[in-house]
Number of protein chains: 2
Amino acid sequence: MSKLTALARHTSSAQEDYLKALYGLGAVEAAVPPSRLARELDVSPASVTDMLAKLAVLGLVTHDRAHGARLTPTGRGVALEMVRHHRLLEAYLVQALGYRWDEVHDEADRLEHCISEVLEQRMFQALGGPSFDPHGDPIPSTRGSLPREHDRCLLACKAGDRVRLSRVSDREPEKLRALRALGLELGTAFEVVGESRWEGPLELRLNQRLVQVPLGLARIAFVH
Amino acid sequence: MSKLTALARHTSSAQEDYLKALYGLGAVEAAVPPSRLARELDVSPASVTDMLAKLAVLGLVTHDRAHGARLTPTGRGVALEMVRHHRLLEAYLVQALGYRWDEVHDEADRLEHCISEVLEQRMFQALGGPSFDPHGDPIPSTRGSLPREHDRCLLACKAGDRVRLSRVSDREPEKLRALRALGLELGTAFEVVGESRWEGPLELRLNQRLVQVPLGLARIAFVH
DNA sequence: TAGCTAGCTTAGGCGTGCCTAAGACTTGGA
DNA sequence: TCCAAGTCTTAGGCACGCCTAAGCTAGCTA
């Protein structure tokens, strides 16, 4: 990964969004089809073609029609920087400023593009060097390494499994509020009592209480 | 002033910069010539003409050739919101994250455009409702009122004056570092021993020490 | 193998925010 | 009074990031 930060490299917000999305779609390991990226970013396929061409010129992605787009090592570096900014900001907003886990995503999405390396570092230090954000996602190190995740989706659990909530998707605030309302926070221990049948809810035992978890919530929850 | 926040009103970063600059140049009280604004923002006069036309359509400025540009009440509201964001961010960075007073300006200039009202409020609360930023500039209230400033420029002081540093311009980090190196911080008390003669330095007595203050530093310092 | 369809790219266009170059208006001095 | 200088606007253009519409390609199915 390049030593230059995204700020010094003057990548635009939009470019950073594309790189971050590519990273999230696994463009480090395998090529990502443009259509997938278009859906993710809610832009037209034509826009994706344009932007991928620009990013290719900048040496941030490789791109051929047969396979799709992949991040170069430099592109991965920029993407990881954005992911680090995003997750660190989420952690900071929750721990230092009293945000709830359902309030931080949009704020972090805006701020991640304009914080300096200095601010990043100060927040990191203020939090004592956190490893995870408020949704259980790992915060990449400055060198770009990520702890391997061993969790599995709540949907994949079998009746009788005793697990803890380890991670949730940060995308949908409403679902996050619903999970919290059911008593599910990061680290909450519970037992899976009933698996989902015919797309019905899962049933959990949590603090002696039986709790029904709709499919849509179970899908964004991960446990170990 | 409109109740809508700049975010909800979707003013662009650039528009907000123009409004803030106009506010700083006194476009509430008197019309500001476009050339002055162009110099301030380091853009061409033609760009200013363009942008003022857009802002006029949005009802944020009035603009006639004879006089120049003035902020409407709504425009003043947006400008003050940016000023509030900027100064609050500066205060937060210094007090909560250990920045020095010469490090905060650029960071705040970027962040002021993308923080939510929620974040603004959380920072305000975390600081206990501060009235001034680290350079002694007053932080406007949400309703847009500003405490009146009674300070005067250090340059205007006479020999024998006993005063305290109350405010400095936040624009030039190097000068801020130089002031600090001379022992001058907000609230520092000193006596003016010698006024500037033939554009030479002022002389101050500060903690029994005699200190020479170059004209360029005295110009950005204010006292009361 | 031929044709259809899904997916990608090209072409052309739009709004924003900037630019330079050239014209118009004002204002003060000769 | 009239010219010169400074100021402001107009005209035309560029990069960015997006769009729609139309064309191309490739792979699957009949």
For residues 212-224 of chain A, which side-chain donor-acceptor pairs fall under 3.5 Å, sequence neighbours excluded?
unit_1, atom_1, unit_2, atom_2, d
A:Gln212, NE2, A:Glu203, OE2, 3.1

Would you give me the side-chain donor-acceptor pairs under 3.5 Å for residues 24-41 of chain B, sequence neighbours excluded?
unit_1, atom_1, unit_2, atom_2, d
B:Glu40, OE2, B:Arg171, NH1, 3.4
B:Glu40, OE2, B:Arg171, NH2, 2.8

Base, backbone or nothing for each nucleotide of nucleotides 6-18 of chain D, written B, S, -, heavy atoms under 4.0 angstrom, 5' to 3'? --BBB-----SBB

For DNA chain C, find the residues of residues 20-29 of chain B with a heavy-atom distance under 4.0 Å and give them by number; none if there aren't any.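 Under 4.0 Å from DNA chain C: no residue of residues 20-29 of chain B.
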
Not counting sequence neighbours, list each pair that qualifies as a side-chain hydrogen bond (donor to acceptor under 3.5 Å, both in side chains) and has a residue in residues 17-27 of chain B.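 Of all non-adjacent pairs touching residues 17-27 of chain B, those that pass side-chain hydrogen bond (donor to acceptor under 3.5 Å, both in side chains) are B:Asp17-B:His113, B:Lys20-B:Asp109, B:Lys20-B:Glu112.
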
Strictly by side-chain hydrogen bond (donor to acceptor under 3.5 Å, both in side chains), give each pair with a member in residues 130-140 of chain A just once, sequence neighbours left out.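 Sorted result for residues 130-140 of chain A: A:Glu90-A:His135.
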
[X]: partners by side-chain contact (heavy atoms from CB on, under 4.5 Å), with sequence neighbours left out:
X	answer
A:Gln121	A:Gln125
A:Leu58	A:Gln15, A:Leu60
A:Asp64	A:Ala66, A:His67

Check salt bridge (Lys or Arg N to Asp or Glu O under 4.0 Å) between A:Glu174 and all other residues, then give those that pass, not counting sequence neighbours.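 Checked A:Glu174 against salt bridge (Lys or Arg N to Asp or Glu O under 4.0 Å); matches are A:Arg177.
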
My understanding is that only residues two or more places apart in sequence, or in another chain, count here; which of them pass salt bridge (Lys or Arg N to Asp or Glu O under 4.0 Å) with B:Glu103?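 Residues passing salt bridge (Lys or Arg N to Asp or Glu O under 4.0 Å) with B:Glu103: A:Arg122, B:Arg100.
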
Please round to 10 degrees the angle between the axis of the first five pairs and the axis of the last five pairs in the helix from C:dT1-D:dA30 to C:dA30-D:dT1.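 Comparing the axis at each end, I get an angle of 30°.
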
